[in-house]
K.L.:
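Would you mind keeping the following structure in view while I ask a few things?
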Amino acid sequence: MDELRARYHFQPEKNWMNDPNGPVVIDGKLHLFYQYNPFGAVWGNMTWGHAVAEDLVRWTHLPCALHPDQPYDKDGVFSGCCVMKDGLPHILYTGVKPETQCLAVGNADASHFEKYEHNPVIVRQEGEELNGFRDPFAWSEDGMTYIAVGSGEKGKRGFAFVYRSEDLKHWERVGELCSGNDPEEDMWECPNFIRFPDGSATLLVSLMKAQNVFAMDGKYHDHKLDAGPLRPFDLGNSFYAPNTVTLPDGRIVNIGWMRETVPGRESAGWQGMMSIPREIVQYGDGCVGARPVAEIARLHAERLLAKKDFTLHSGENALKGLHSRHCEIALEFEAGSQGTLYLELNKSERGEEKAVVIYDGVADAIYVEAGKCGGAAQRVGGYVQGRGTTKLRVFLDGSGLEIFVNDRETLTTRVYPSREDSDGLRLYAEGGVRSRIQGSKARVVITADATVRAGKFKPLKANLDPILEKCPSVAHVVVVRRAGLDNVTMQPNRDIWWHDLIDDFTLNADYPCEPMDANDTLFLLHTSGSTGKPTGIMHSTGGYLTYAAHTTQWCFDMRDDDVYWCTADMGWITGHTYGVYGPLAAHGHHHAGDV
């Protein structure tokens, strides 16, 4: 298993991917196209990959939608958009070379597309010397379809053209939507034009030399955007070429390409992943920000920690004993004028490897240092809007790292831990930071998409009967082995399943197990009832079993200072189906009221 691959971010099963293209809702499902190389893990052979999600977060791979198979797009089917017209999806894309805008029309369920016989539908005007002419983005206005096309003049400026059409086949150039004045950034890629009901608008552009996304906010009138200066839309070094869609409920959702931040990644057999879908939010100061779509909560599995109203100090670790490479960490804290918060991710046992998220309360700034975790050597980040109380949502998913600050600023980067033990988490502070990790909006969770891969069942030899004598209703046992367990024997009427994993284990999307330490063996016990759902978790290292006699649930006392438990159904944890994990008194019995 490649632990650097994503489990809840979208990415193809192999090969190269980059820009998201043409997100569109068809029959209540979000279709996402993307730049894809079907023949390898390097850029080239640009094809439109295709996937669909019913809930914005769980994706199904579909066959590629467009291939570079015509004279006008033989060098690549580049980025574009998809609009619905007469009940059918219509793709507008850039064919190469030269760069022209082309049309393809799909059937009702977007399972097949035919390219328009009179492509291309838009070409450069005669005599124009442009630095590029690509990446159409569409919106509706005055009963017509408008598109912005990224372009620029070499050594002078970047800008976006505006075109309009009634039938998507015949187009009129309206003018320029907006223009820059930086001769170094003389090509605007992937323009995304976002309009709001009050007449304001934001233009997102991806700048090739900066390799980042920038925003311009202002007023839109007469097909022009009167905007302020460019500002960074993401504070990291991985978010690029996003695409935007308006959902039927009115939410504006943006998805970007999370590019690799170090060279040589093609040796893994894949490159690139998509960001979490982000809801675009407009604020009173006229600027826009982003927050994770609400649907991301559907991926939450176990809550591993719940703490409230405590003060972090230097040398402490509020996440002691927790390990994950695929999780969300949500924090709410108050950092005084001298306070700095540190969150270490992918920390090896002795700290040889780690990525560090730093919130500087003095400067109201956030940074990530990933150089000791295989990432870019230079720290990334910048200033954020200080608010006294700060909320962070940190999404770690293999090599992908996304941070949301106060549902406004974002920081996207990549980490590449190489050690098997680089899954530790550490949270501490300097100068004193009052923090809260509490409730449904503040948690450390292992995502439900971290499901176990299919594995071969394999008999083991060891005597589990002393444990099972205390578990009369247990029908079968899953043993997840990382190290040290051999010679397993069991009674003949009980089944045993075996998996050899190196991180998070879940039997299914609803009932996951706690991630293991390097030498632990985990036993997952099942009831013999109709549900077959897991009823208990234990670690073999120094642990022993106790029985909760008043239900069919099982409690397990663990190592010297930790207790772990889980419940499968409504039982003595009234109304909940999750386990909470954390340090308690040595070998003490643990009930819901103790948390």
K.L.:
Who passes side-chain contact (heavy atoms from CB on, under 4.5 Å) against Asp182, sequence neighbours left out?
P.N.:
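For Asp182 the side-chain contact (heavy atoms from CB on, under 4.5 Å) partners, ignoring immediate neighbours, are Glu184, Glu185.
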K.L.:
Could you tell me if Ser422 and Asn346 have a donor-acceptor pair between their side chains, going purely by distance under 3.5 Å?
P.N.:
no
K.L.:
Is a salt bridge present between Asp186 and Lys209, judged by a nitrogen-to-oxygen distance below 4.0 Å?
P.N.:
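Salt bridge: yes.
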K.L.:
Would you say Glu409 and Tyr383 are linked by a side-chain donor-acceptor pair, where the criterion is simply a distance under 3.5 Å?
P.N.:
no
K.L.:
Regarding Arg278 and Asp234, does a basic nitrogen lie under 4.0 Å from an acidic carboxylate oxygen?
P.N.:
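The answer is yes: the pair qualifies as a salt bridge.
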K.L.:
Report the C-alpha distance between Glu189 and Arg134 in whole Å, list the side-chain angles of each, state the deciding distance to 0.1 Å, and finish with yes or no for salt bridge (charged side-chain N to carboxylate O under 4.0 Å, His left out).
P.N.:
CA-CA 7 Å; Glu189 292 194 294; Arg134 57 183 177 268; 3.0 Å; yes
K.L.:
With a 4.5 Å cut-off on side-chain heavy atoms, are Ile296 and Ile276 touching?
P.N.:
yes
K.L.:
Is the NZ or CZ atom of Arg291 positioned over Phe404's six-membered ring, under 6.0 angstrom from the centre and within 45° of the axis?
P.N.:
no
K.L.:
Which residue pairs satisfy the ring pair (Phe, Tyr, Trp, His ring centres under 6.0 Å) criterion with at least one member in residues 222-254, sequence neighbours excluded?
P.N.:
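Counting only pairs at least two positions apart or across chains, the ring pair (Phe, Tyr, Trp, His ring centres under 6.0 Å) contacts touching residues 222-254 are Tyr146-His223.
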K.L.:
Could you tell me if Asn237 and Thr261 have a donor-acceptor pair between their side chains, going purely by distance under 3.5 Å?
P.N.:
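Judged by distance alone, the side chains do not pair up.
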K.L.:
Looking at Ala363, is its backbone amide N or carbonyl O close enough to the side chain of Asp360 to form a donor-acceptor pair, meaning the two atoms are under 3.5 Å apart?
P.N.:
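Checked: pair present.
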K.L.:
A cation-pi test, strictly: NZ or CZ of Arg426 under 6.0 Å from the centre of the six-membered ring of Tyr428 and no more than 45 degrees from its axis. Yes or no?
P.N.:
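Verdict for Tyr428: a cation-pi partner in Arg426.
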K.L.:
Using distance alone, with no hydrogens and no angle criterion, decide if Ser418 and Glu353 have a side-chain donor and acceptor under 3.5 Å apart.
P.N.:
yes
K.L.:
Enter the distance from Leu427:CG to Leu319:CG here, rounded to the nearest 0.5 Å.
P.N.:
5.0 Å
K.L.:
Is there side-chain contact between Pro89 and Phe113, with at least one heavy-atom pair below 4.5 Å?
P.N.:
yes
K.L.:
Is any NZ, NE, NH1 or NH2 atom of the basic residue among Arg173 and Glu128 found under 4.0 Å from an Asp or Glu carboxylate oxygen of the other?
P.N.:
yes
K.L.:
Would Lys154 and Glu129 pass as an ion pair if we require N to O under 4.0 Å?
P.N.:
no
K.L.:
Could you work out, with side-chain contact (heavy atoms from CB on, under 4.5 Å) as the rule, every residue matching Lys156, not counting sequence neighbours?
P.N.:
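Applying side-chain contact (heavy atoms from CB on, under 4.5 Å) to Lys156 gives Glu153.
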K.L.:
Is Arg5 close enough and on-axis enough to Trp270, meaning under 6.0 Å and within 45°, for cation-pi?
P.N.:
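Checked: cation-pi criterion met.
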K.L.:
Checking Asp364 against Tyr359: is there a side-chain donor and acceptor pair closer than 3.5 Å?
P.N.:
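Result is yes, a qualifying pair exists.
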K.L.:
Do we see a donor-acceptor contact under 3.5 Å between the side chains of Ser200 and Gln282?
P.N.:
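Checked: Ser200/Gln282 side chains pair up, N/O donor to acceptor below 3.5 Å.
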K.L.:
Are Asp407 and Arg393 close enough for a salt bridge, meaning some N to O gap below 4.0 Å?
P.N.:
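Salt bridge: no.
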K.L.:
Give, for atom NZ of Lys354 and atom NZ of Lys347, the distance between the pair rounded to the nearest 0.5 Å.
P.N.:
6.5 Å
K.L.:
Given salt bridge (charged side-chain N to carboxylate O under 4.0 Å, His left out), test Arg251 with Asp249 step by step and report yes or no.
P.N.:
CA-CA 6 Å; Arg251 286 182 296 167; Asp249 62 12; 2.9 Å; yes
K.L.:
Are the side chain of Asp397 and the backbone N or O of Tyr8 linked by a donor-acceptor pair below 3.5 Å?
P.N.:
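Yes; judged by distance alone, with no hydrogens or angles, the pair exists.
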K.L.:
Is atom CG of Asp198 surrounded by more than 12 heavy atoms (other residues, nucleotides or ligands) closer than 6.0 Å?
P.N.:
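Result for CG/Asp198: enclosed.
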K.L.:
Quick check on Asn181: does its CG atom have over 12 non-hydrogen neighbours (other residues, nucleotides or ligands) under 6.0 Å away?
P.N.:
no
K.L.:
Does the side chain of Arg414 pick up a donor-acceptor pair with the side chain of Ser399 at under 3.5 Å?
P.N.:
yes
K.L.:
Other residues, nucleotides and ligands only: do more than 12 of their heavy atoms fall within 6.0 Å of NZ on Lys97?
P.N.:
no
K.L.:
Can you check whether Leu396's main-chain N or O pairs, donor with acceptor, with Glu402's side chain at less than 3.5 Å?
P.N.:
no
K.L.:
Centre-to-centre under 6.0 Å for Trp48 and Phe33, is that the case here?
P.N.:
yes
K.L.:
Please enumerate all residues that pass side-chain contact (heavy atoms from CB on, under 4.5 Å) together with Ser179, with sequence neighbours excluded.
P.N.:
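Residues passing side-chain contact (heavy atoms from CB on, under 4.5 Å) with Ser179: Arg157, Phe159, Glu176.
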K.L.:
Take atom CD in Gln211; do more than 12 heavy atoms of anything else shown fall under 6.0 Å from it?
P.N.:
yes
K.L.:
Atom CD of residue position Glu141 - does it have more than 12 heavy atoms of other residues, nucleotides or ligands inside 6.0 Å?
P.N.:
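It does: Glu141 CD has more than 12 such atoms within range.
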K.L.:
Would you kindly say whether Asn119 and Tyr72 are connected by a side-chain donor-acceptor distance under 3.5 Å?
P.N.:
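The answer is yes; a qualifying pair exists.
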K.L.:
My understanding is that only one of Leu247, Leu30, Asn243 makes a side chain to side chain contact (heavy atoms under 4.5 Å, CB included) with Val253; could you say which?
P.N.:
Leu247
K.L.:
Applying salt bridge (charged side-chain N to carboxylate O under 4.0 Å, His left out), run through Arg231 and Asp217 and close with a yes or a no.
P.N.:
CA-CA 9 Å; Arg231 60 177 180 85; Asp217 308 294; 2.7 Å; yes
K.L.:
Any side-chain heavy atom of Val77 within less than 4.5 Å of one from Thr47?
P.N.:
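Of all side-chain heavy-atom pairs linking Thr47 with Val77, none is under 4.5 Å.
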K.L.:
Just by distance, with hydrogens left out, do Asn15 and Tyr36 show a side-chain donor and acceptor under 3.5 Å apart?
P.N.:
yes
K.L.:
Under the rule for side-chain contact (heavy atoms from CB on, under 4.5 Å), what residues qualify as partners of Glu266, not counting sequence neighbours?
P.N.:
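Once residues adjacent in sequence are excluded, the partners of Glu266 under the side-chain contact (heavy atoms from CB on, under 4.5 Å) criterion are Ala41, Val42, Gln271.
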K.L.:
For residues Gln101 and Thr94, is any side-chain donor paired with an opposing acceptor at under 3.5 Å?
P.N.:
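Their side chains do contain a donor-acceptor pair, which is all the 3.5 Å distance test asks for.
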K.L.:
Mind checking ring-ring contact (aromatic ring centres under 6.0 Å, His included) for Trp59 and listing every partner two or more places apart, or none if nothing turns up?
P.N.:
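Partners of Trp59 by the ring-ring contact (aromatic ring centres under 6.0 Å, His included) criterion, ordered by chain and then number, come out as Phe10.
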